[in-house]
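Right, one structure below, let's go through it.
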Amino acid sequence: MKNNAPTQPTSWTTLPERIRNHLADRAPVHADGTIRIVTAMTPNWPELASLGTGEIALGDDGLIRVALWSASKCCATLLGARRATLLLSEDDGTWEVRCLVIGNASLATPQPLSGFLLKPAEILDGCVSLSVRGFRRAGRTPEDSQNHAVETRLALFDAFPVGDDGETAPPGIANTS
């Protein structure tokens, strides 16, 4: 009998609880409340985007789901580069989580968003300058932000159910958090 349970390749990096809480939006508000994603293709300049709490989700499988505007330069670069770095700022420093893209899909949302399934590959602590804190965020009302966050997270888990390895999604697996 074949075991269809997803297995964690040895090249994965297990995220520390502090980062898991930050990505799962269970931690206190940090710095300016955003997470940055950086991606680059040689010889171009890196692309930087700011992610709100509704545009990033961590599954129980340890994989990170990210939503980006489909027409953005960051989205196009991430599609080509297939790797990105997440910058998570906290009061006492910045975490750098280097990730591989293992899946991407168009998200079923009213906004034109693309979803990415990221596998953490390496974590660096405190090596990033905090000068990126001034990165500009789009203005939304609290109600719009909450609705957008819920809608986007649901679309991310619809596109990448827990247990999805980016190639073959097991049927019937859904996020229960």
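No experiment lies behind these values; they were computed from the predicted model shown.
For the pair Leu113 and His148, the minimum side-chain heavy-atom distance is below 4.5 Å. Side-chain contact between Ile19 and Ile123: present, with at least one pair of heavy atoms (C-beta onward) separated by less than 4.5 Å.
Considering all non-hydrogen atoms of both residues, Pro112 and Trp69 come closest at CD-CZ3, 3.5 Å. Annotation for Glu96 and Thr85: closest pair CG-CG2, 3.2 Å, computed over non-hydrogen atoms. The nearest pair of heavy atoms linking Cys99 to Leu86 is SG-CD1, 4.2 Å. In terms of heavy-atom proximity, Ala67 sits nearest to Leu156 at N-CD2, 3.9 Å. Closest heavy-atom contact between Thr94 and Ser89: OG1-OG, 3.7 Å. When all heavy atoms of Phe160 and Arg65 are compared, the pair lying nearest together is O-NE, 2.9 Å.
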Give the C-alpha distance, both sets of side-chain angles, the deciding distance and a yes or no for side chain to side chain contact (heavy atoms under 4.5 Å, CB included) between Glu55 and Ile35.
CA-CA 9 Å; Glu55 297 160 339; Ile35 297 169; over 6 Å; no
Stepwise side chain to side chain contact (heavy atoms under 4.5 Å, CB included) test for Ile56 and Ile37
CA-CA 10 Å; Ile56 189 163; Ile37 184 168; over 6 Å; no
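Distance check: Leu100 CG to Leu63 CG gives 11.0 Å after rounding to the nearest 0.5 Å. Within the model, atoms CG of Leu51 and SG of Cys74 stand 7.5 Å from one another, a figure rounded to the nearest 0.5 Å. The distance from atom CD1 of Ile64 to atom CZ of Arg20, rounded to the nearest 0.5 Å, is 9.0 Å. With rounding to the nearest 0.5 angstrom, the CG atom of Leu78 is 15.5 Å from the NZ atom of Lys73. A distance of 10.5 Å separates CZ in Arg18 from CG in Leu88, rounded to the nearest 0.5 Å. With values rounded to the nearest 0.5 angstrom, Leu107 atom CG is found 13.5 Å from Arg153 atom CZ.
Put simply, the side chain of Thr39 never gets that close to the backbone of Glu47: no donor and acceptor are under 3.5 Å apart.
A continuous path of hydrophobic side-chain contacts links Val66 to Leu79 [ILVMFWY only; heavy atoms under 4.5 Å]. Linking ILVMFWY side-chain heavy atoms closer than 4.5 Å, directly or via other members, places Leu68 and Met41 in two distinct hydrophobic clusters.
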